[in-house]
Engineer: 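For reference, the structure I am asking about is given below.
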Amino acid sequence: MYKQLIVNVLNNETRVALLEDGTIAELYVDRGGDSDIAGNIYKGKILRVLPGMQAAFVDIGLNQAAFIYVDDVYDNDFKEYERLFQINTEESDLETEDDLKPEVLRRRRNFQIEELISEGQELLAQVVKSPIGTKGARISSNISLPGRFLVLTPTSDHIGISRRIENEDERERLRSAVRDLRTNHYGYIVRTAAENEPAEKMAKRRHLLCCIKSFQ
């Protein structure tokens with residue numbers, strides 16, 4: 001399959017298209033004047049840690065400092081990805097596996113923010129909520145990169161399946177396919193669009209997402 005990436009940059013809009021054999025497979029549009037930055041990923045710097053609020057202010061290069069809560073700094077919990085992905089794409093049909101590691105369950109939410117981050121520390125984070133008025137963006141260190149069939153969650157190792165895929169045999173097929181295709185420790189969310197699709201298609205999308213991740 002011949003793939004081509006086309007980028008079109010205008011004064012107020014940037015468009016990126018992925019072509020497969022001359023057909024548009026994916027299209028991303030970014031408008032410079034659009035204030036909605038939810039989903040954007042930034043490398044920020046911790047400005048101030050607030051133990052009393054269990055939060056911190058982070059400079060991500062915007063006019064207003066972003067803020068991050070302790071649960072968004074460290075929570076190896078698939079639910080955080082589910083929540084972030086719902087905000088970004090309005091797809092509310094995700095669920096996690098039941099086999100979360102016991103040690104993860106034990107330590108979940110037992111940390112104080114001052115134990116996890118400190119002033120001056122650099123942090124890679126994704127915007128959960130865009131700035132509103134004088135309130136800065138809310139960010140999370142749980143990164144997710146959505147594709148057509150899969151969502152890559154590079155800081156997790158769990159596999160989730162869309163609840164809209166109701167057939168149990170199909171759910172197990174998709175889960176097994178992702179496990180077999182996985183060559184790293186990243187987590188994946190299988191989206192509704194993957195239902196009844198061959199594993200080969202998901203493999204190509206997985207490779208594309210991993211290539212994107214490699215630019216981190």
Engineer: Could you see if Leu10 belongs to whatever hydrophobic cluster contains Val7? Use Ile, Leu, Val, Met, Phe, Trp, Tyr and a side-chain cutoff under 4.5 Å.
Structural biologist: no
Engineer: Show, in sequence, the C-alpha distance, side-chain angles and deciding distance for Glu122 and Lys43, and conclude whether the salt bridge (charged side-chain N to carboxylate O under 4.0 Å, His left out) test is met.
Structural biologist: CA-CA 7 Å; Glu122 292 185 338; Lys43 185 176 183 180; 3.3 Å; yes
Engineer: Determine yes or no for a side-chain-to-main-chain donor-acceptor pair under 3.5 angstrom, with Thr155 supplying the side chain and Asn142 the backbone.
Structural biologist: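 Not confirmed, Thr155 side chain does not pair with Asn142 backbone.
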Engineer: Identify the two heavy atoms, one from Ala194 and one from Val190, that lie closest to each other, and give their separation to 0.1 Å.
Structural biologist: CB-CG1, 3.7 Å
Engineer: Looking only at atom types and distance, does a side-chain atom of Gln126 sit under 3.5 Å from a main-chain N or O of Gly39, one as donor and one as acceptor?
Structural biologist: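 Answer holds: yes.
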Engineer: Return the minimal non-hydrogen interatomic distance between Ala38 and Ser130, and the atom names on each side.
Structural biologist: N-OG, 3.2 Å
Engineer: Between atom NE2 of His185 and atom CZ of Arg182, what is the distance when rounded to the nearest 0.5 Å?
Structural biologist: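 With rounding to 0.5 Å, NE2 (His185) is 8.5 Å from CZ (Arg182).
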Engineer: Quick check for you: to the nearest 0.5 Å, what is the distance between Ile159 atom CD1 and Ile189 atom CD1?
Structural biologist: 11.5 Å
Engineer: Does a side-chain heavy-atom distance below 4.5 Å link Ile24 with Leu18?
Structural biologist: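 Sidechains of Leu18 and Ile24: no contact.
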Engineer: Just by distance, do the side chain of Arg171 and the backbone of Ser162 share a donor-acceptor pair under 3.5 Å?
Structural biologist: yes
Engineer: Apply side-chain contact (heavy atoms from CB on, under 4.5 Å) to the pair Leu50 and Arg48, showing each step before the final yes or no.
Structural biologist: CA-CA 6 Å; Leu50 305 172; Arg48 185 181 178 191; 3.4 Å; yes
Engineer: Please find the pair of heavy atoms, one from Val127 and one from Tyr42, that lie closest to each other, and give the distance.
Structural biologist: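 Here Val127 and Tyr42 meet closest at CG2-CE1, 3.5 Å.
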Engineer: So, taking the atom named CG in Leu145 and the one named CG in Leu150, what distance separates them when rounded to the nearest 0.5 Å?
Structural biologist: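 The CG atom of Leu145 sits 12.0 Å away from the CG atom of Leu150.
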Engineer: Should the heavy atoms of other residues, nucleotides or ligands under 6.0 Å from CD1 of Ile132 be counted, would the total exceed 12?
Structural biologist: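 No.
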Engineer: How many angstroms lie between atom CG of Asn40 and atom CD1 of Ile139, to the nearest 0.5 angstrom?
Structural biologist: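 Interatomic distance, Asn40 CG to Ile139 CD1, rounded to 0.5 Å: 12.0 Å.
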Engineer: CD1/Ile143 to OG/Ser156 distance, rounded to the nearest 0.5 angstrom?
Structural biologist: 12.5 Å
Engineer: Using side-chain contact (heavy atoms from CB on, under 4.5 Å), reason through Tyr186 and Thr153 one step at a time and then give a plain yes or no.
Structural biologist: CA-CA 6 Å; Tyr186 303 151; Thr153 56; 5.9 Å; no
Engineer: Strictly below 4.0 Å, N to O, side chains only: are Arg148 and Glu26 in salt-bridge contact?
Structural biologist: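 Result for this pair is no, no salt bridge flagged.
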Engineer: Are Leu5 and Tyr2 joined in one hydrophobic group, where the rule is that I, L, V, M, F, W and Y side chains link up if heavy atoms are under 4.5 Å apart?
Structural biologist: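 In one cluster with Leu5: Tyr2, no.
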Engineer: Quick one about Glu114 and Ser118 (side-chain donor to acceptor, distance below 3.5 Å, no hydrogens or angles considered), yes or no?
Structural biologist: no
Engineer: Considering non-hydrogen atoms only, spot the tightest contact between Tyr28 and Pro146 and give its length.
Structural biologist: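 Shortest heavy-atom contact: OH-O, 3.7 Å.
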Engineer: When you check the gap from the basic side-chain N to the acidic O, do Asp72 and Arg138 get nearer than 4.0 Å?
Structural biologist: yes
Engineer: With side-chain contact (heavy atoms from CB on, under 4.5 Å) as the test, would you mind laying out the steps for Asn8 and Thr14 before giving the verdict?
Structural biologist: CA-CA 6 Å; Asn8 177 232; Thr14 299; over 6 Å; no
Engineer: Given 3.5 Å as the limit, does a donor-acceptor pair link the side chain of Glu170 with the main chain of Asn167, or not?
Structural biologist: no
Engineer: Excluding sequence neighbours, so at least two apart, what forms side-chain contact (heavy atoms from CB on, under 4.5 Å) with Asp59?
Structural biologist: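 Checked Asp59 against side-chain contact (heavy atoms from CB on, under 4.5 Å); matches are Leu47.
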Engineer: Check Ser144 against Val151 and note the closest heavy-atom contact, atom names and distance.
Structural biologist: CB-CG1, 3.9 Å
Engineer: Roughly how far, to the nearest 0.5 Å, is the CD1 atom of Ile46 from the CZ atom of Phe57?
Structural biologist: 11.5 Å
Engineer: Is the distance from the ring center of Tyr69 to that of Phe67 below 6.0 Å?
Structural biologist: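 Yes: the rings meet the under 6.0 Å criterion.
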Engineer: For the pair Ile37 and Leu62, evaluate side-chain contact (heavy atoms from CB on, under 4.5 Å) and give the outcome as yes or no after the intermediate values.
Structural biologist: CA-CA 11 Å; Ile37 61 171; Leu62 303 179; 3.4 Å; yes
Engineer: For the backbone of Thr134 and the side chain of Gln64, can you confirm whether one donor and one acceptor N or O come within less than 3.5 Å of each other?
Structural biologist: yes
Engineer: For the side chain of Ser140 and the backbone of Val128, is there at least one donor-acceptor N/O pair under 3.5 Å apart?
Structural biologist: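 It does not hold such a pair.
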Engineer: What are the two closest heavy atoms between Val73 and Ile117, and how far apart are they?
Structural biologist: CG1-CG2, 3.6 Å
Engineer: Check whether any side-chain N or O of Arg191 sits under 3.5 Å from a backbone N or O of Ile161 as a donor-acceptor pair, and report yes or no.
Structural biologist: no
Engineer: Under 3.5 Å, side chain of Arg175 to main-chain N/O of Arg179, donor-acceptor pair present?
Structural biologist: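 A pair under 3.5 Å: no.
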Engineer: Ignoring hydrogens and geometry, is there a side-chain-to-backbone donor-acceptor pair from Glu20 to Ala25 under 3.5 Å?
Structural biologist: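 Checking the backbone N and O of Ala25 against the side chain of Glu20, no donor-acceptor pair under 3.5 Å is found.
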